[in-house]
Amino acid sequence: MHLFKYRKNELYAEDVPLKLLAEKYGTPLYVYSYNTLVRHIEAYKKAFRTFPHIICFALKANSNLAILRVLAEHGAGADIVSGGELYRALTAGIPPSKIVYAGVGKTENEIRYALKSKILMFNVESENELMEINRVAGKMKTKAPIALRVNPDIDPQTHSYIATGLKKHKFGIPIENALEFYKLANSLKNIKVIGIHKHIGSQITKVAPFVDALKRILMLVDEVNKQGVDIRYLDIGGGLGIPYRDEATPYPKELAKNLIPLVKGRELTLILEPGRSIAGNAGILLTKTLYLKKGPEKEFVIVDAGMNDLMRPSLYNAYHEILPVVKRRKKKVVSDVVGPICESGDFLAKDRLLQQVSPGDYLAVMSAGAYGFSMSSNYNSRPKAAEVMVKGKRHFLIRKRETYEDLIRGETIPSK
Ligand code: LLP
């Protein structure tokens, strides 16, 4: 559910016409709906209220400070994968006691920073990493709280680039080796084992893979407990899908309804790491039509947002709905919506049936709140887009549009 709706023929973000935002802040522009974000985090909280839990928002989906602050105010923690994300989470006011840290390549500096910040736990992805965390914690005369990321070998039935829980993936520890690994971790002086973690993939549109993965993990928890290791936190990762088109994706309450009975009666705190299902439909990318071009085989709508602003279509062939900001009674035409970047892979939509547009018309690329701005780049030396948050009738600039000076910040030309 989101709050980008037409009123008469104009598309609004909550109570603000998108056209007004495009004119005030310029395009390309990311626009987020405050109340959609709140609705999503509250839906998770309500769904899991009968079992102790922490909702750790996955910062990789969207790490704008204003968004993190909204989520923090509603009780969210953070799932981070880098020192930079830790810095953002702390700056936004997320308590370290609600921060979990995953990722296969944590560096010594990042480990130090996380230990110093007293995060809840490291989700450890390999034996080498475990030994390194043990070493760094020893140097700092402290104990590192950890969970092992276990790979349950479950197919989440999603795009191959965003599936993570199969044997062939670089993530986690194969479930068969997990018990040995726990024994090793438990024997290390500067490690305190407190949890178990799994994440099987993203944009998962069925509940079954979550159920299967959790069942496998719980069998392992029982075995680990028998070894005298106290697993208190069970982190089930993120991955719940959202409707980009017309997918019937499960709500958090369906997830909870299927998962809570499996853990009931256990002395555990569940951790969830949703990213997309919180932020995805809470944001759109506003863009302006620059030119129309008729090729020999195709018609192109050339807009001012490119793959550097929203990479998902180019990278995953992902579908994002594109809506006219002002609906007109015009015929519909099939065209490719493309950006200004010098690559054939620079498109937002292919062979899309759209209301005929004219140069100057604004378009809204829907469901762009997750993995949109956070994956954007300066490719072709394009300054990054501005970001705005709408709350009812009010709107706030939450990130300035980058300038040309921003593009070269930090660069130097060596003197001869
Ligand atoms: N936890 C871990 C350990 C993860 O690796 C991820 C996502 C999440 C949580 C959050 O998953 P979510 O709830 O958002 O599905 N760039 C891709 C998505 C990559 C997801 C990577 N990991 C995309 O644009 O579709």
Side-chain angles (χ1 to χ4, degrees), residues 37 40-41 43-44 54-63 67 71 76-82 85 89 99-106 120-125 129 147-152 156-166 169-173 195-207 209-210 213 217 233-245 247 249-252 255 270-283 285 307 309-320 348 365 367-377:
L37 279 173
H40 291 169
I41 183 83
Y44 267 101
I54 311 174
I55 313 288
C56 292
F57 175 66
L59 258 70
K60 59 178 88 61
N62 192 318
S63 56
I67 290 191
L71 298 175
D79 157 43
I80 60 160
V81 290
S82 68
E85 286 191 349
I99 298 180
V100 293
Y101 186 0
V104 296
K106 304 175 186 83
L120 176 61
M121 65 187 188
F122 292 85
N123 289 330
V124 176
E125 307 234 10
E129 181 196 331
L148 292 187
R149 176 166 180 177
V150 174
N151 191 337
Q157 293 154 27
T158 185
H159 191 289
S160 63
Y161 281 20
I162 53 178
T164 49
L166 287 169
H169 294 129
K170 69 176 176 181
F171 301 100
I173 291 139
I196 190 159
H197 174 234
K198 65 109 179 123
H199 170 82
I200 53 174
S202 196
Q203 186 54 16
I204 301 171
T205 54
K206 301 255 170 348
V207 171
F210 290 101
I217 293 288
Y233 293 93
L234 197 170
D235 183 342
I236 62 170
L240 197 61
I242 61 167
Y244 281 100
R245 201 172 196 157
E247 304 91 324
T249 48
Y251 287 115
L255 196 63
L270 269 187
I271 295 177
L272 293 98
E273 303 175 342
R276 191 189 315 265
S277 50
I278 301 269
N281 284 330
L285 172 61
M307 65 189 282
D309 300 298
L310 180 65
M311 207 180 175
R312 303 193 70 257
S314 308
L315 190 58
Y316 314 113
N317 217 0
Y319 181 97
H320 283 263
L348 298 175
V365 185
S367 317
Y371 307 108
F373 188 91
S374 65
M375 290 175 75
S376 69
S377 77

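Just follow the structure's listing: the first ligand is 1, and inside any ligand the first atom is 1.
- In terms of polar-atom proximity, M375 is not counted as a contact of ligand 1, lacking any N or O under 3.5 Å from an N or O of the ligand.
- K106 forms a cation-pi arrangement with Y101, by the criterion of a distance under 6.0 Å to the ring centre and an angle within 45° of the ring axis.
- For the residue pair D309 / S376, no side-chain donor-acceptor distance below 3.5 Å is found, with atom types taken as modelled.
- Taking a cut-off of under 4.0 Å to the non-hydrogen atoms of E273, the atoms of ligand 1 that pass are 1 (N), 2 (C), 3 (C), 8 (C), 9 (C), 10 (C), 13 (O).
- Close contacts between ligand 1 and Y316 involve ligand atoms 16 (N), 17 (C), 23 (C), 24 (O), 25 (O) [criterion: under 4.0 Å to a heavy atom].
- Atoms of ligand 1 lying under 4.0 Å from at least one heavy atom of P274, given by number and element, are 13 (O).
- Remark: ligand 1 atoms within the under-4.0 Å shell around heavy atoms of K60 are 1 (N), 2 (C), 4 (C), 5 (O), 6 (C), 7 (C), 8 (C), 9 (C), 21 (C), 22 (N).
- Atom OH of Y233 sits about 12.5 Å away from atom CG of N123, to the nearest 0.5 Å.
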(request) Could you walk me through whether S367 and N281 pass the side-chain hydrogen bond (donor to acceptor under 3.5 Å, both in side chains) test, one step at a time? (result) CA-CA 4 Å; S367 317; N281 284 330; 2.7 Å; yes
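- Side-chain contact of R312 with H320: a donor-acceptor pair under 3.5 Å is present, judged by distance alone.
- Atom numbering of ligand 1 starts at 1 in the shown order; those under 4.0 Å from a heavy atom of G238 are 9 (C), 13 (O).
- Put simply, no part of S277 is less than 4.0 Å from ligand 1, judged by heavy atoms.
- Under a 4.0 Å criterion applied to the non-hydrogen atoms of S202, ligand 1 contributes the atoms 11 (O), 12 (P), 14 (O), 15 (O), 20 (C).
- For the pair M311 and ligand 1, no heavy-atom separation below 4.0 Å is found.
- Residues L120 and I54 form a side-chain contact, since some pair of their non-hydrogen atoms from C-beta on lies under 4.5 Å apart.
- With respect to D79 and K60, a salt bridge is recorded, a charged nitrogen being found less than 4.0 Å from a carboxylate O.
- At least one N/O-N/O distance between G275 and ligand 1 falls below 3.5 Å.
- Residue contacts with ligand 1 for F171 are absent, since no atom lies close enough (heavy atoms, distance under 4.0 Å).
- Between L310 and G372, the closest heavy-atom pair is CD1-CA, 3.7 Å.
- Taking every non-hydrogen atom of G239 and a distance limit under 4.0 Å, the qualifying atoms of ligand 1 come out as 11 (O), 12 (P), 13 (O), 15 (O).
- Closest to atom 11 (O) of ligand 1 by heavy atom, among R276, H199, R312, is H199.
- Shown here is Y251, whose OH atom has no more than 12 heavy atoms of other residues, nucleotides or ligands within 6.0 Å.
- What you find for L240 and P250 is that their closest heavy atoms are CD2-O, 3.6 Å.
- Every heavy atom of A61 sits 4.0 Å or more from the atoms of ligand 1.
- For ligand 1, the polar-atom distance check against R149 finds no nitrogen or oxygen pair separated by under 3.5 Å.
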